[in-house]
Undergrad: 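First the structure, then my questions, so here it is.
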Amino acid sequence: MKKILILNGPNLNLLGMRQPDVYGSTTLAEIEDQCRMHAKTLGVEVECKQSNHEGELIDWIHATRQSHTAIVLNAGAYTHTSIAIMDAISSVERPVIELHLSNIHQRESFRHTSYISKVAKGLICGLGAHGYTLAMDAALRILEEEG
Ligand code: DQA
């Protein structure tokens, strides 16, 4: 069965409480529930994981190797710093949809650089929590094209 891994990085466990003016008031648990419901309508398996630790995120990316899994990745601030996560994505050769709740290009200049964008299939940003289900639609399309 096709599978989508929803992977959230540092500080995203605080969604709903963290800078709601920037990231909205929806909690991560609510976003993950929406993703699970959406997975049922799409007929795919979904797994939702969050970590504040770079190495753990990398281990989970490695675990998708040789599976029929696409990854929706909000790497949080690691987006702008982590060559290691970029290399992990290249190593597993699984399709990644990069996601950000906020529009990173309208924010501080240090957020304009994304190491994830260099290896991701595509990018959704600035659409808030709704971006996650949109990213799942894109991920499924990519998995279907893979055959
Ligand atoms: C974020 C944007 C990043 O710049 C920031 O460090 C985050 C969240 C977003 O979802 O908008 O932690 O990835």
Side-chain angles (χ1 to χ4, degrees), residues 2-42 44-65 67 69-143 146:
K2 295 178 185 69
K3 183 169 168 179
I4 300 173
L5 174 63
I6 312 284
L7 201 50
N8 281 289
N11 302 307
L12 294 163
N13 53 312
L14 297 180
L15 281 179
M17 293 166 277
R18 172 194 184 200
Q19 296 175 270
D21 48 319
V22 179
Y23 298 116
S25 55
T26 312
T27 65
L28 184 60
E30 287 166 346
I31 288 173
E32 290 180 345
D33 280 348
Q34 285 166 12
C35 290
R36 286 188 199 98
M37 274 162 51
H38 197 58
K40 278 188 192 146
T41 65
L42 295 178
V44 295
E45 201 181 316
V46 73
E47 190 175 13
C48 301
K49 287 178 172 283
Q50 186 276 332
S51 178
N52 294 321
H53 304 279
E54 190 174 18
E56 193 161 38
L57 293 165
I58 290 169
D59 287 344
W60 289 337
I61 292 168
H62 287 177
T64 63
R65 207 155 181 253
S67 65
T69 302
I71 305 170
V72 174
L73 174 62
N74 185 349
Y78 287 142
T79 303
H80 319 298
T81 62
S82 183
I83 296 169
I85 293 178
M86 178 185 75
D87 282 351
I89 293 167
S90 300
S91 306
V92 298
E93 296 178 345
R94 300 311 310 146
V96 170
I97 312 291
E98 176 182 357
L99 183 134
H100 303 284
L101 294 130
S102 63
N103 185 338
I104 54 175
H105 298 291
Q106 291 175 349
R107 300 182 64 197
E108 305 95 321
S109 57
F110 61 82
R111 295 187 205 273
H112 299 174
T113 300
S114 167
Y115 285 103
I116 309 304
S117 283
K118 296 183 190 303
V119 290
K121 272 269 184 190
L123 163 70
I124 291 176
C125 81
L127 300 178
H130 183 46
Y132 284 85
T133 49
L134 293 174
M136 289 176 71
D137 292 343
L140 176 59
R141 175 76 67 94
I142 293 163
L143 288 175
E146 272 187 358

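One is the number of the first residue; the rest follow in order along the sequence. Just so you know, ligand 1 is whichever comes first in the structure, and atom 1 is the first atom listed for that ligand. Computation of the quantities below employed the complete heavy-atom set of this structure, encompassing side-chain atoms and omitting hydrogens, waters and symmetry-equivalent molecules.
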Undergrad: Would T133 and D137 count as a side-chain contact (heavy atoms from CB on, under 4.5 Å) here? Give the steps.
TA: CA-CA 6 Å; T133 49; D137 292 343; 5.7 Å; no

Undergrad: In ligand 1, which numbered atoms sit nearer than 4.0 Å to a non-hydrogen atom of R18?
TA: 7 (C), 12 (O)

Undergrad: Among protein heavy atoms, which lies nearest atom 11 (O) of ligand 1, and at what distance?
TA: S102 OG, 2.6 Å

Undergrad: Please list the nearest protein heavy atom to atom 1 (C) of ligand 1 with its residue and the distance rounded to 0.1 Å.
TA: H100 ND1, 3.7 Å

Undergrad: Check each of M136, E47, E45 against I4 using the side chain to side chain contact (heavy atoms under 4.5 Å, CB included) test, and report the only one that passes.
TA: M136

Undergrad: Select the closest option to atom 3 (C) of ligand 1 among H80, Q19, E108, E98, judged by heavy-atom distance.
TA: H80

Undergrad: For ligand 1, note which part of T79 has a heavy atom under 4.0 Å away: side chain, backbone, both or neither.
TA: neither

Undergrad: Side chain or backbone, does R107 bring an N or O within less than 3.5 Å of an N or O on ligand 1?
TA: no

Undergrad: Check the pair L73 / E98 against side-chain contact (heavy atoms from CB on, under 4.5 Å), numbers first and verdict last.
TA: CA-CA 5 Å; L73 174 62; E98 176 182 357; 5.9 Å; no

Undergrad: Relative to the ring of H100, is the ring of H80 parallel (under 30°), tilted (30 to 60°) or perpendicular (over 60°)?
TA: parallel

Undergrad: Within less than 4.0 angstrom of ligand 1, does H112 place any heavy atom?
TA: no

Undergrad: Would you check, one step at a time, whether the test side-chain contact (heavy atoms from CB on, under 4.5 Å) holds for L101 with L15?
TA: CA-CA 10 Å; L101 294 130; L15 281 179; 3.8 Å; yes

Undergrad: Compute the shortest N/O to N/O distance between L99 and ligand 1 and return yes if it is under 3.5 Å, no if not.
TA: no

Undergrad: Counting each atom of ligand 1 from 1 as listed, which ones have a heavy atom of L101 under 4.0 Å away?
TA: 9 (C), 10 (O), 11 (O)

Undergrad: Stepwise, does the side-chain contact (heavy atoms from CB on, under 4.5 Å) test hold for I85 with Y115?
TA: CA-CA 8 Å; I85 293 178; Y115 285 103; over 6 Å; no

Undergrad: Hey, does the side chain of N74 reach the backbone of G9 with a donor-acceptor pair shorter than 3.5 angstrom?
TA: no

Undergrad: Compute the shortest N/O to N/O distance between L12 and ligand 1 and return yes if it is under 3.5 Å, no if not.
TA: no

